Number of protein chains: 2
Amino acid sequence: MRRRTAGPGATATIADVAARAGVSTATVSRALATPDRVRPELVELVMRAVSESGYTPNNSARTLRTQRSRMVLVVVPSVANQMYAHVLRGIDTGLAPAGYGVIIGNLDNAPNKEGRFVDFAFARQVDGVILLCGFVPGSHGRSMASAGLPMVSILSPIVDSDIPDVGIDDHAAGREAARHLARLGHRRLGYAAGPREHVVDTARWTSFREGALAEGVDPADIVRIEGGEGMRYTYRSGVAAGERFLAMTRRPTAVFCGSDEIAIGFMKVMRDAGVSVPEDVSVMGIDGIEQTDYTHPVLTTIRQPRQDLGRAGAELLLGMMDGRSDAAHRRVRLPFEFLARASTGAPPAEAAGRISQDLAPARMG
Amino acid sequence: MRRRTAGPGATATIADVAARAGVSTATVSRALATPDRVRPELVELVMRAVSESGYTPNNSARTLRTQRSRMVLVVVPSVANQMYAHVLRGIDTGLAPAGYGVIIGNLDNAPNKEGRFVDFAFARQVDGVILLCGFVPGSHGRSMASAGLPMVSILSPIVDSDIPDVGIDDHAAGREAARHLARLGHRRLGYAAGPREHVVDTARWTSFREGALAEGVDPADIVRIEGGEGMRYTYRSGVAAGERFLAMTRRPTAVFCGSDEIAIGFMKVMRDAGVSVPEDVSVMGIDGIEQTDYTHPVLTTIRQPRQDLGRAGAELLLGMMDGRSDAAHRRVRLPFEFLARASTGAPPAEAAGRISQDLAPARMG
DNA sequence: CTGTTAGCGCATTCAG
DNA sequence: CTGAATGCGCTAACAG
């Protein structure tokens, strides 16, 4: 059979609709796309034929013809990660009104999967790309960037590139974390690190350090605690950091963790070891995932506007795909929210070189 | 310019490759798809031309021609939910080797978004659909099912349909939960409900009830605690359930929650109210998200093989898309894992009608 | 305003 | 084994 009749799996073509309405396919196409350029009674006729036949335009034909797929590729390190999942949600929210769909490029923390997604770009399967992974995927020496597609990064700037990005000011975040802990009276600070060499991690660590120094903390008393090889912003990374912390002879009295998950893993190790938070050690995270509201103690954290970041990134990309030149080469910074909560407090009395002035008179000059 | 030259945004076509190799486009196509049917030296020639020009077949053209998009739509209630995110990851893992990509259909707990995804199906933008939402999306009276696409459900059977599904045995899970709590000595049990009328929730509730009855619990002592209107398997639903629990005059001594998130929200309310878990009330969840390892106390739960469920669903769908008839109309049940941990224990002495025989001699007949 | 025509890029006939 | 020709379904020129 050449043309399917109605039935399961049947898909009407524009020709079917045209025949049914007694007009040409061009008229059908116009009646659907630009009804004001078609005589009203014909539009009516076409619409009836469309609904009778259950016609939905074939997407690949349309894409092939128009050279626009109305699809966006989102490359994410791990869909299972709370943070990325929420940004993804924001992206979808921002893209949907413009009629764009989302193809998910899940690297699953295994960079060898990049090739698949590079191909998506070159196969013109998508009109644009949003990166949550902090780098431009590539494979076999071919970078996704050379596909010539509009591209936006969220959560992390892309080094050595002019790819627009949207995120928070990670430097300000790191400094505020340091300030918060220092003002509570802590004089020896730890940073439970995320992935080494990652731009965001570097920004947070260096700015945390700067912030601590600015508060008069001794450089020797700002320690970086690695989470273990190959570990990302995960619970397990926090567990590893916690274990290293326990092994230290001179422990920090407060620890800023590179992510909320790290903080949560870290706190678990403390609890299991009988180290109280915040009495023995203050712990804070960053990201502001919902889960932080449900930890015990409730976690001090820096909330990124996850959903808004996604939406802003989507809108930036939409602008670029529409060829609005003002969209490209931009850098969007959204405000974060500092949530000072129960997991951070004054240092234990014996460890405090100086107690916050709000809490007690200074002991050191 | 008619044909782009190499440069940013350039995309070589099969014609470019053919010209460069000095063969016809048909030969290029064959050299790529079925190299064994082409003279080796020509294959060599083509391959060189391909890599020189950076050719990647245009996907919409190929889709239009072959009537296969090599894309699958995954409809998920909420990408931000841990559970779905992990299943999604498993799906991607299962689909990737077969060369299939994933389009994400995020309902975001707002069913009016269904229409978009119904269109994807009818527009033949995908070759198959995986449902994590427990129902078949539809809009304007048109069901996605009538698009005639292979379809599989994961995590929940679809009522009144012959759509194959993969999941755990929810009835067995509910019964085991009841048994676990009853054997610890609890004689008054609560169920913190998920979305009312949801198949899975119904299965868990009814089987929990059955299991409790089988253990000799009085029917009047099995109470369903609603999480509040419009609430899903979320933390907040657990919070609402916790508040209702506290308001009860005769509280259950153990509560089975419809999801881990519900359990975690519930536990927070208990903690804030000074009700100890498990000393005052035992709490358990179901799903087995990673987060349950990091709660305090560590949450007793029933772990669903999230990733395996996703992979199995993907493989089932692959079979259907390949027209393997044995694939359809199947129902796959994967084993779950009962994790008895610290959040469940014996009931408080004054409340116990009977203490588990492992813990103390029976007080009742 | 409407129909005819062409072609997006590819895979697959059908000849040779 | 290879090339020429065809058409997947659609939209956009171009005529009328």
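Quick note: numbers below take in every heavy atom, side chains included, and nothing from hydrogens, waters or symmetry partners. Residue numbers start from 1 in every chain, and the chains themselves are labelled A, B, ... in the order their sequence lines are given, proteins ahead of strands. Remember, predicted model here, so these are calculated numbers, not experimental data.
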Near DNA chain D, counting only heavy atoms under 4.0 Å, which residues of residues 20-37 of chain A show up?
A:Ala26, A:Ser29, A:Arg30
Carboxylate-amine/guanidinium contact [X] [Y], below 4.0 Å:
| X | Y | answer |
| --- | --- | --- |
| A:Asp119 | A:Arg142 | yes |
| B:Asp165 | B:Arg333 | yes |
| A:Asp92 | B:Arg116 | yes |
| A:Asp108 | B:Arg89 | yes |

Rounded to whole angstrom units, what separation is found between the [atom1] atom of [X] and the [atom2] atom of [N]?
| X | N | atom1 | atom2 | value |
| --- | --- | --- | --- | --- |
| B:Leu64 | D:dG9 | CG | P | 7 Å |
| A:Asp16 | D:dC8 | CG | P | 11 Å |
| B:Glu41 | D:dC1 | CD | C1' | 11 Å |
| B:Asn58 | C:dG7 | CG | C1' | 13 Å |
| A:Ile14 | D:dA12 | CD1 | C1' | 12 Å |
| B:Arg68 | C:dC10 | CZ | P | 18 Å |
| A:Gln125 | C:dG9 | CD | P | 16 Å |

Axis-to-axis angle for the helix from C:dC1-D:dG16 to C:dG16-D:dC1, ends of five pairs each, to 10°, equals 40°
Is any side-chain nitrogen or oxygen of A:Gln67 closer than 4.0 Å to OP1 or OP2 of C:dG9?
yes
For C:dC1 and A:Arg39 - does any side-chain N or O of the residue sit under 4.0 Å from the phosphate oxygens OP1/OP2?
no
Looking only at the side chain of B:Arg65 (C-beta and beyond, no hydrogens), which of the listed nucleotides C:dC8, D:dT2, C:dG9 gets closest?
C:dG9
Per atom distances to the B:Pro57 side chain, the nearest of C:dC10, D:dC10, D:dC8 is C:dC10
For B:Asp308 and B:Pro305, indicate whether the former's side chain and the latter's backbone hold a donor-acceptor pair under 3.5 Å.
no
Taking atom CG as the centre, does A:Asp160 end up with more than 12 heavy-atom neighbours from other residues, nucleotides or ligands that are less than 6.0 angstrom away?
no
Taken to the nearest 0.5 Å, the spacing of B:Gln307 CD from B:Ile91 CD1 works out to 10.5 Å
Correct closest heavy-atom pair for B:Glu52 and B:Arg20 would be OE1-NH1, 3.2 Å
Check the pair A:Leu149, A:Met144 against side chain to side chain contact (heavy atoms under 4.5 Å, CB included), reporting the backbone distance first and the verdict last.
CA-CA 8 Å; A:Leu149 250 38; A:Met144 187 184 280; over 6 Å; no
